[in-house]
Amino acid sequence: MAAYAFITMSTSAIDLPKQFEHGPAQERWTAHWLAKNYFHAEPDQNRQPFTIVIPPPNVTGALHLGHALNNTLQDILIRTKRMQGYNALWMPGADHAGIATQAVVEKRLLEEEKTTRHQLGREKLVDRIWQWKETYEKRILQQLQQMGCSCDWNRTRFTLDAVCARAVRHTFFRMFKDRLIYRGKRLVNWDTFLQTAVSDDEVFHETVKGHFWHIRYPIIDPQPGEPEFVSVATTRPETMLGDTAVAVHPDPAAALDRAERELQEKLAGAPQKERADIQKQLDDLAERRQTVLPQLIKLRDMANAGRKVMLPLMQRPISLVADEWAKPELGSGCVKITPAHDPNDYEVGKRRSLPMINILNPDGTLNENAGAYKGLTIKKARVQVVTDLESQGLLERVEDREIEIAHSDRSKTPIEPYLADQWFVKMRDLDDAETAGGSANASVGNALRGVPEAPIGVATPTSPTERHRGRSLQSSGLAQMAMDAVIDGRVQVHPPRYAKSYLDWLGEKRDWPVSRQLWWGHRIPVWRLSDEGASAAESITGIQQQVRALRDKYPEEVSIQSFSSLREAGPSGRQSIMVGDSVCLRGEISSAQAELEALGFVQDPDVLDTWFSSALWPHSTLGWPGPALPSDDSDNESPDWEKLRYFYPTSVLVTSRDIITLWVARMVLTGLYNVGDVPFRQVYIHPKILDAYGETMSKSKGNGIDPLDVIAKFGADALRFGLAHMATETQDVRMPVEFECPHCQKTIEQTQKNRVLPRIKCPQCGQDFSTQWASKPEDTALPRAAVISERFEVARNFCNKLWNASRFVLMNLEGYEPAPVDRRELAVEDRWMLSRLATVTGQVTESLDGYHFADAARALYDFAWDEFCSFYVEMVKTRLSDTESRPVAQHVLAYSLDTLLRLLHPIVPFLTEEVWHLLAEYAPERGLNKLAAPAESIIIAPWPPADATFQNAEIEARFAKFQALLGGLREVRARQNIAPKTAIHFAVRCDSDTVKLLQPMEAYFAAMAGATATAWGTQVQSPALSANFTAAGCEVFVDLAEHIDVAAEIARNEKEVEKLQAHLAAKEKKLANESFTSRAPADVVAREREQLQELRDRLASTAAALADLRKRI
RNA sequence: GGGCGGUUAGUUCAGCGGCUAGAACAGUGCCCUUACAAGGCAAAGGUCGGGGGUUCGAUUCCCUCACCGCCCACCA
């Protein structure tokens, strides 16, 4: 294979570089893997599938470190399962990310070309966004590849591509037909500067000093004893122009009682410092009963009698209504109702059938509904309204108050709540009047709807429950259906605590607003009669008949909903009833569409919420809704159903917690609704990466890390290992961020101050470099600093350690002759290594199965570094230079490295693949009992089994003792400052069992600590001048006749005695405690006793040594 | 306002009822011991955020306070 002919048999392993060159390795193996098509998966009835769909990254920009974590973990799972023999499929793709992407492109447009989308027009803007998408999608896919992600690239999807579009249209159509989609009003965050709606998360709040205005509305024709005014309060007086009612509570006395009860309860459980405050509120409440309540009761009666008040300035009579929204315990107890500009008021308006008057133009000026104030901006209108009210004596008082004002993150201008028509997906039960006549026999929730029978051997998703599910949707709605899947365990969440946020959120069963006032996205497939169409028509009913005829002609393609109950208000404030048919079309190319448009219907200009298409991702990417309709496409041999049936439900979803509600819940919901089964069996929520200050990383803060910078400096393997190493079960992980000076490569800690600067002077070399903020030519001309984190250094060093250990093995495989190994030939360190290898294999396998990535990474790190490198490789060195014992050493060494590489491969793919191929050249056949040629790539090498027959507790115990003694000897050497080359001699006083265990290891003491044993056993005496220590039940005397620093030994022994005494005292106290000895478990007490004895022995021997040393001074 | 997490060595994290609370990095001392100085060996560094409780025993479980963070809701 030419791809790895970079080293030939004639080249010696000694020529391999001393440091792992990650760059070339990454390039080489990425190309190789792609050429070999290892990542491609096709349905295969003989193998179990393991499927992951990628959380599609937004095409708004390049991937950041959070994505790197997310995708690394997915790749670790996929690679592990692939090695374990599963037919592993990882579906890649990207998300169009509606608002976010349109916003970036629009911003660019404005900055670079001073053009707005209105000037450009819909089609051209969408073209521009597609161009952007092409660039960034490509970049994202490259980034994933550079990280080593083993996605099935042939199946790459984009949420706006034709496959996904069909799934969206089919879903929307079904929901529309099932009356799960309806049209309603909703307040949107209107950015008057950009003239667009922005999402909630693009809104930031700023606390500013504002006012609370109390305004009087005159009562019309007040009767004797009735109040002349009703007083209301607002922070936004100009909205009064759109008021259509004033509300008072329908039972103010009861409401006050309830408020009082609540306060009493709160008082009972409140901490001392809050009590005074609550008591004050209670006092206020009592006073209110005297002063406000009688008024409110009167007003309530007036409201019930249909009395009205006069809206000042507009001179418009508006209703006095009784509604629970008005809280008698607050303000005057009455509240103005502006249904078109406040969400709560909108609800009241709906309940009380109030007119809704929109007083705003899209540009934020007042429209004709504002009468004399038309044309003014909100700001000016506010001033004018207040002035006018004051001059009419209707301004009761003005309070200062801090108010929070919503601002658009994009234009930094204040947001206006703006009432707009929106489409919603219904989350609650379907049993209400609106849907009763809908599609009673809609086949909602059938398992794999319309999918042909599955071939034998493939599990049909959940047939026993399908009828039940059909009913459960009918009776309890989409949200409940998705909740049930988690409650009954069809979907399992790891860590389990996150199931709570999922259930809490769905439990609210809020309807899902799915329309967005944007141009980038799936256009809503609904057509309505245009104004032109309506005025050109001879009669509306005539058109309605024609539309119904169209539906009868294409019953599968056309669905109609009538909204005769929709009320909209004209400029006068009078209600008018508008009859509007909304027609939903299923197919993207349909003759029904042409016929409908000929009738004067136009498509809804809005697009669907991004999450609508993301919600379908697991099944849409796997081919749902199946082969295209014959009329659409001639390709009836499409294997789509097979794919869906085989790979769906997917195995696990790996994502971060902030989209559990927005995305995870909705995928479950649509999966159940469309396919009849959950989209994934497991959900793994990984931690979020924060910077050193505990803040979320983001480009807008300047603390974001580009994985490519990390890859360039440390390598993809180090990136991956570092990320896996920190994927613990905690909610967040912190990562200090640094600039790397492009001149001197020194790192500069990133602070909240310097991270926003366009240029920084390197404190090391004094030269300037630029950052992501550079925009001026003099800044951009400077070299840019990479933004990285030192936390990847550990991982990079680990990779290098692995590389060098591999080099060592390769260098010592000269003359390797494949042969099976007789267990009797194994040296003690071989048996130890094989035992440890089996144990670690079990640990790593188990950790990965339970999504404990950090545990797996740590186990491998410790094992590879401390046991394989520091002990096994060191110990095997002697045998390698001995012709007789060399072959077995080589066999076990090759076998061990082989196993270690496989265990590491999912986390560290490039390095392991590189070594795998090198190893294949030196040891083309390996194994202990049975020899076999290694797999042609480690990607498809079988996952190692945890072979319990190699596990050997006796050997592991022997090693523990050996390591303890070795450590003690090294410590003496360090303390006494004895040069490594100078040999030392030691004697060990211990029992005969220990002698048997340790005496055979004499050669290793010599090799690894330059220490020669002179005597073993119970009778061993201390040499005249010695350093001593106790370890593993042995007393060790190091003969220091030639070179002793007596003072150092005395100091050390004194300290040791002190420590032992303190420890001993604590232990004695514990054992003297009768309740401990009688109540604690017997084994715990026994262990304590043993330890006590051991401590006494150690103290005795240390004290003796100390006394001995003192005599020498 | 509701919910969920966190607070352990200078830093980043493990440990989650009982061995003298561990690791890595940084800092310290010694060593270029031919796989690796991105290395080796070793020492030092911690009243486990504060206070209460449960228990023979608490870093670990419960309550509470403080601080930090995240999510959701609301703010006439």
Side-chain angles (χ1 to χ4, degrees), chain A residues 13-14 16 18-20 205 212 232-236 239 247 271 325-327 330-332 334-338 342-345 403-404 497-498 500-501 504-505 508 657-661 687-688 690 692-696 714 718 725-726 728 730-736 789-791 793-812 854-855 858 861-862 866 869-870 873-874 877 967 970-975 977-981 1007-1010 1052 1059-1060 1062-1063 1066-1067 1070 1073-1081 1083-1085 1087-1088 1090-1091 1095:
Chain A
I14 203 151
L16 292 170
K18 281 189 172 190
Q19 288 182 358
F20 175 55
H205 292 265
F212 204 42
V232 295
T234 178
T235 55
R236 304 187 58 207
T239 61
W325 171 238
K327 306 275 185 289
L330 293 177
S332 69
C334 293
V335 58
K336 66 194 267 304
I337 304 295
T338 322
D342 180 279
N344 294 305
D345 291 6
I403 49 175
E404 292 225 312
R497 69 184 124 98
Y498 290 114
K500 189 171 160 49
S501 24
D504 284 354
W505 186 79
E508 292 186 26
R657 78 190 116 85
D658 37 7
I659 50 177
I660 291 173
T661 55
K688 197 169 170 157
L690 307 176
Y693 305 97
E695 293 181 50
T696 317
F714 299 111
H725 195 262
M726 64 182 76
T728 59
T730 53
Q731 176 169 279
D732 322 296
V733 290
R734 287 198 186 200
M735 176 165 295
S789 176
E790 63 171 22
R791 290 201 61 188
E793 264 174 43
V794 182
R796 189 265 318 265
N797 294 354
F798 177 58
C799 290
N800 200 47
K801 187 75 179 175
L802 291 172
W803 172 248
N804 279 295
S806 304
R807 267 179 75 216
F808 173 83
V809 174
L810 296 170
M811 285 157 101
N812 284 284
D855 290 349
R858 273 165 203 177
Y861 183 95
D862 292 344
D866 299 337
C869 293
S870 295
V873 163
E874 287 306 318
K877 277 178 180 171
R970 284 170 169 172
E971 190 189 325
V972 169
R973 188 184 276 285
R975 187 170 65 240
N977 221 348
I978 302 167
K981 285 177 195 114
M1008 296 171 76
R1052 186 252 170 197
K1059 246 165 80 178
L1060 285 168
H1063 195 194
K1067 201 114 299 195
K1070 192 172 190 181
N1073 183 350
E1074 207 258 323
S1075 54
F1076 169 69
T1077 47
S1078 62
R1079 296 200 200 196
D1083 60 316
V1084 173
V1085 178
R1087 198 163 54 224
E1088 291 290 323
E1090 253 170 60
Q1091 284 166 7
L1095 282 170

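Per chain, numbering begins at 1; letters A, B, ... match sequence-line order.
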- Determine the interatomic distance between P on B/G29 and the same-named atom on B/G53; round to the nearest Å. 47 Å

- Using the C1' atom on both, measure B/U7 against B/U60 and round to a whole Å. 15 Å

- Item | Closest non-hydrogen atom pair, A/Ala979 against A/Arg973 | O-NH1, 2.7 Å

- Query: Of all the nucleotides listed (B/C36, B/C41, B/C71), which has the minimum atom distance to the side chain of A/Lys688?
  - Reply: B/C71

- Task: Give the rounded distance in Å between these two atoms: NZ of A/Lys981 and P of B/C30.
- Result: 16 Å

- Message: Taking only the P atom of each, what is the distance from B/C70 to B/G57 in whole angstrom?
- Response: 40 Å

- 5'-most by nearest nucleotide on RNA chain B - A/Gly967 or A/Val1084: A/Val1084

- Message: Within this structure, what is the CZ-CG distance for the pair A/Phe20 and A/Asn804, rounded to the nearest 0.5 Å?
- Response: 11.0 Å

- Item | Nearest-angstrom distance, P atom, B/G50 to B/A38 | 40 Å

- Look at the side chain of A/Asp658 and decide which nucleotide, out of B/C36, B/C71, B/A38, has an atom nearest to it. B/C71

- Task: In whole angstrom, give me the gap between the C1' atoms of B/C30 and B/A9.
- Result: 23 Å

- Message: Give the dot-bracket line for RNA chain B from 5' end to 3' end: parentheses for intra-strand Watson-Crick or G-U pairs under 3.5 Å, square brackets for crossings, | for inter-strand pairing, dots for unpaired.
- Response: (((((((..((((....[...))))..((((.......))))......(((((..]....))))))))))))....

- Query: Could A/Lys801 and A/Tyr861 be counted as a cation-pi pair, given that NZ or CZ must be under 6.0 Å from the ring centre and within 45° of the axis?
  - Reply: no

Identify all pairs in which a protein N or O lies below 3.5 Å from an N or O of nucleotides 20-25 of chain B, and state each distance.
residue	atom	partner	partner atom	Å
B/U20	OP1	A/His1063	NE2	2.8
B/U20	OP1	A/Lys1067	NZ	2.7
B/U20	O4'	A/His1063	NE2	3.4
B/U20	O4	A/Arg1098	NH1	2.6

- Item | Any donor-acceptor N/O pair under 3.5 Å between B/A42 base and A/Glu971 side chain | no

- Message: Between B/U34 and B/G40, how far apart are the two P atoms, rounded to whole Å?
- Response: 14 Å

- Task: May I ask you to say what A/Asn800 touches in the nucleic acid, namely base, sugar-phosphate or nothing, with a heavy-atom cut-off under 4.0 Å?
- Result: base

- Message: Tell me if a side-chain donor or acceptor on A/Arg657 pairs with a main-chain N or O of A/Pro687 at a distance below 3.5 Å.
- Response: no

- Note on the structure: A/Met735 CE to B/U11 P, in whole Å, measures 17 Å

- Where the side chain of A/Val335 is defined as all heavy atoms beyond and including C-beta, which of B/C56, B/A35, B/A76 is the nearest nucleotide? B/A76

- Side chain of A/Trp325: nearest nucleotide among B/G18, B/C13, B/C75? B/C75

- Tell whether A/Arg858 reaches the base of B/A14 with its side chain through a donor-acceptor pair below 3.5 angstrom. no

- Given protein heavy atoms under 4.0 Å, the one-letter contact record of nucleotides 1-9 of chain B, with B base, S sugar-phosphate only and - none, is simply --SBB----

- Task: Using only heavy-atom distances, decide whether a donor-acceptor pair under 3.5 angstrom links the side-chain of A/Glu874 to the base of B/A35.
- Result: yes

- Query: Rounding to the closest angstrom, what is the interatomic distance between B/C32 and B/A37 at atom C1'?
  - Reply: 7 Å

- Message: Taking the minimum atom-to-atom distance to the side chain of A/Arg657, which one of B/C70, B/U12, B/A38 wins?
- Response: B/C70

- Query: If each of A/Phe798 and A/Thr728 is mapped to the nucleotide of RNA chain B with the nearest heavy atom, which maps nearer the 5' terminus, i.e. the 5' end?
  - Reply: A/Thr728

- Judged by atom type as modelled, is there a donor-acceptor pair below 3.5 Å linking the side chain of A/Asn800 to the main-chain atoms of A/Arg796? no

- Task: Flag the pair A/Thr239 / A/Asp342 as yes when at least one side-chain heavy-atom distance between them is below 4.5 Å, and no otherwise.
- Result: no

- Query: C1' atom, B/U20 versus B/G6: distance in rounded Å?
  - Reply: 28 Å

